[in-house]
Structures are given as C-alpha cells and as structure tokens.
2 protein chains.
Amino acid sequence: MTADRPRAPRRDATENREALLEAARRILNEDPEASLDAIAAGAGLSRRAVYGHFPSRNTLVAELAERGAARVAAAIERATAEDPALDVALLGRVVWDEVEHVRAMTSTIVHGPLRERIGAALGPIHGRLVADARRAGEQGGRTDLSPETVARLIEGAAFTVLDESLRSPLSRRDGRRLVVLAGLGALGLSWREAGELLDRNAALLMEDR
Amino acid sequence: MTADRPRAPRRDATENREALLEAARRILNEDPEASLDAIAAGAGLSRRAVYGHFPSRNTLVAELAERGAARVAAAIERATAEDPALDVALLGRVVWDEVEHVRAMTSTIVHGPLRERIGAALGPIHGRLVADARRAGEQGGRTDLSPETVARLIEGAAFTVLDESLRSPLSRRDGRRLVVLAGLGALGLSWREAGELLDRNAALLMEDR
DNA sequence: CATATCTTGCACACAGGTGTGCAAGATCGA
DNA sequence: TCGATCTTGCACACCTGTGTGCAAGATATG
C-alpha cells in the first residue's frame, strides 16, 4: 500500500507557486481587492493556472497572511526588554519594521475577516502588551484603564500610524518613531517621558537589528 | 415661463424618502455593505421604488453621510474651550455622543471613498485639533510632532475607540471617557495629567449637554 | 370621483467576480 | 526521447449586485 505519490512536483511548478504568493503580496498591497486575474497576471500566469496551486482565492490570501503573521511573530520573539515601557517601544519598532512594506495589505487583512485567521499567530503581541500594561501599572503607570484596554489602545495607535502612512507616506525612520511615540502615549506616558525614554535608548530607532 | 412643477410631491412619497434614509441608517449600521434590496425592505418598500427617490445607491448613502456630518459639525460649534487640552477633551466627548449610535457606518464611511464627501463638513474638527495641538505646544505641550500629525493621532485614537467599541460594546459613559483619555494621550498628556484634567472638569463627562 | 402620482413585480442588460471541465499545447525530467 | 506534469484558452455555470423599461395596480389629493 505505498501511498500514491506519483512523483515530486516539478521544479517550475513550485517556483510558480511561490511566484503567485509573491505577486499576491505585491499586488494586494497596491489594491487589496485585486482580482485573482490580476494576481495571476502579476505572476506571469493565467488565472486558470492558479487553481492548480490553490483551491480558491481565499486559500491563497490566507496562506499569505499566515506567512506574514508567522514572520512578525518570529521577529518579536527576538526582541524583549525588562522595562515595560521600553518593551512597548521595542515591540512597536520591530513590528513596524516587519509590516511597513506591506502596509496596505496589512490594514485590510486586519480590518477584515482574515483577522481571526492570523489572530493566533499575532496573539503573542497582544499578550506581551497586556503584560506590559499590567506591569507598568504596578510600577506607577496607568491604572485608570484595564491592561486589556491599554493594550488595545496601543495596537490601535499602531494601526492609526499605519493608515496615516498610507495617505501621506512616511520614511521608515519617521514611521518607527511615530509608531513608538503613539504607543507610549497610549501607555500613559507624557510626551516628555516618551522622549526621554527614546533618548536613553537611542539604539531603539537605529538601523541595525 | 412658469417652471413646470406639476404639483407638490405626495405626502406619502416624502415620508417614504425619509423612511429610506432612516432604514439605511439602521441597516448600514449593522452591515455597512448591505444591498439596496435590504435597505428598501427595511423601509417597507421594493428595491424598484428606491429609484423613484434616488438616482443611485451611492446617492442615497452620500446624502445620509452628509446629513450625519452636518449634524456633527453643528454639534461641535456649540462647544468650545479656551484651554487646548480641555478643548480636545470637549471635542472628543461631543463627537462621540453624536457618533456613538452609528459607529459601524461611521467607521466604514470614514475609511471608504465617501470620506472626501464628508471631509468638508468635518474639516472644522480637524482644524480645531490642529489649532489646539499648536497652542498646546506653545504652552509647554508636545513639540516633538507637528500639530498636523498630533491632530491625526488624536483622530486616529478616536477611531480606535470606535472600532474597539464594535468588538466589545462600551457603555455610552465608558465610551466617552475612553475617547477623551485616548485623545489626551495622543496630545501628549500623561495619564495622570489627563485624569486631573477630567477631575477639574467633572462636567465634561456628565449626561447633560 | 378623476387623475396625477407613487409603488410593484417582472424582465432584462450589464458588470465583475469565482470556480470547473476539457482539449491542446508547452515544458520539465528521468 | 518520451511521458508525466504543468499551463493555457476557451466555454460554461453561477453568484451578487446595480440600474432601466414597462404595464398594472394602489393611493393620495384636488
């Protein structure tokens, strides 16, 4: 009873599959409602060929979203800070760097029904933020709102910067700074405190990784 | 050359027109992409009849959006404060009260192509926020971001509360408080400063007008 | 009541999209 | 080279939605 796996997929086939995901990333980022036709053409394939790789349009987009979410999740694990405020800032910077070049798609995916699909992969971010907000409260920080609410506000602030950067483009550096400042504001820091934190940790906005 | 106006519109006709707008408000607020069919049914009319009152679906929605925008614009003119931070808080409260019961529709209209259509009517809000941010900066407030950017962050914070309240409903009072706190945070106040401001102006969150 | 006005229900054209079947051709790979 | 694998192009069914034409019926209103 050898499983009927007639042969390994042809090399060009797997290449085309990747090309489709790549084209989807590029095209959906310009028009998040682009048709399957447009995506296929972007990959140099016909619409019909797509169905040889993905059973449906949604499957394609979902896989794309999950890959992105996994990438972000992996990135945040490599960056942690003791101080809650610093951790929030760090999270902002890291996530921004991962997402900045796929802003438009990110925005629609997060606002749309695929949100749940990537929720699992992005859960860790939320968890970290809640924990940071709670610890900050214990150390003299915001106690007028629940940690859960504070976390949502921080996430929302990040999305605000995201949406804002779609209307008037931001340099990578300005985006980083803005997303961090907005997040710290939601955490309850005054603008001076946020600025001082950034001054004390200048590396936070630097180009390295 | 008397204009050929054969007669005034029948009373039930104007009633139906209002009923359509009313149904649109109600239904688009539950499903912002609801079809014209659903809206017509909600008004107790047939889809066909809608075209006797509005030349297109978009016309209907646009009129609805413009009415709402005008309502909000009128409301903010009735509330002004000298202190910039207080003015931001006041704006937050007033706008929230006007918008809270049409959150879902507001969200999609503001994120969608109708944004420009109501931009004119909502421009005053943006203008007030920019002026507040500028004056705040002159009085020891945030100078690390341009007034324009600060205004955008405040608006974004309000939308965050809006979106958030769609996932886990907020009481009118909690919504007010949250939208004000989030706005003041974006303005650069620490959570304590924001709290003190609210304490000094307890009437801000009260039920009256 | 008589009539202009409104509403209805149907059919239709149109647009844009997804997903499938199938034959013919291109292309990898052993 | 030769066969399995992929791609293509076409046709097709299907869906959901908008907007229009038209005849027939309902209803306000002078």
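Labels below follow one simple rule: chain letters A, B, ... track the order of the sequence lines, proteins then strands, and each chain is numbered from 1.
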*Roughly, in whole Å, what's the span from CG in A:Asn58 to P in C:dG17?*
16 Å
*asked:* Whole angstroms only, please: what is the CD-P distance between A:Glu15 and C:dT27?
replied: 14 Å
*Mind calculating the distance between CG (B:Leu60) and P (D:dT18) to the nearest angstrom?*
11 Å
*Indicate yes or no: does B:Asp174 engage B:Arg177 in a salt bridge with an N to O separation below 4.0 Å.*
no
*Of B:Asp37 and B:Arg11, whose nearest nucleotide on DNA chain D comes first from the 5' end?*
B:Asp37
_Separation of atom CG in B:Leu36 from atom P in D:dT18, rounded to whole Å_ = 5 Å
*Of all the choices, C:dG19, D:dT5, C:dC6, which nucleotide is nearest to the side chain of A:Arg10 once you look at every atom?*
D:dT5
*Over how many whole Å does the gap from B:Arg17 atom CZ to C:dT7 atom C1' extend?*
17 Å
*asked:* As an exercise, state the distance from CZ of B:Arg117 to CG of B:Leu122, rounded to the nearest 0.5 Å.
replied: 14.5 Å
_If you go through the side-chain atoms of A:Arg47, does one of them form a donor-acceptor pair with the base of C:dG19 closer than 3.5 Å?_
yes
Which pairs, protein N/O on one side and nucleotides 21-24 of chain C N/O on the other, fall under 3.5 Å?
from	atom 1	to	atom 2	distance (Å)
C:dG21	N7	A:Arg48	NH2	3.0
C:dG21	O6	A:Arg48	NE	2.7

Which donor-acceptor pairs under 3.5 Å do side chains of residues 33-54 of chain A form with protein atoms, sequence neighbours excluded?
from	atom 1	to	atom 2	distance (Å)
A:Ser35	OG	A:Asp37	N	3.3
A:Ser35	OG	A:Ala38	N	3.2
A:Ser46	OG	A:Ala49	N	3.3

_Checking contacts here: which listed nucleotide (C:dG19, D:dG19, D:dA28) is nearest the side-chain heavy atoms of A:Arg57?_
C:dG19
*Under 4.0 Å: is that the gap between some side-chain N or O of B:Asn16 and OP1 or OP2 of C:dC6?*
no
_Separation of atom CG in A:Leu45 from atom P in C:dA26, rounded to whole Å_ = 17 Å
*Just compare C:dG17, D:dG17, C:dG9 and give me whichever is closest to any side-chain atom of B:Ser46.*
C:dG9
*Nearest-Å distance, OH (A:Tyr51) to P (D:dT8)?*
14 Å
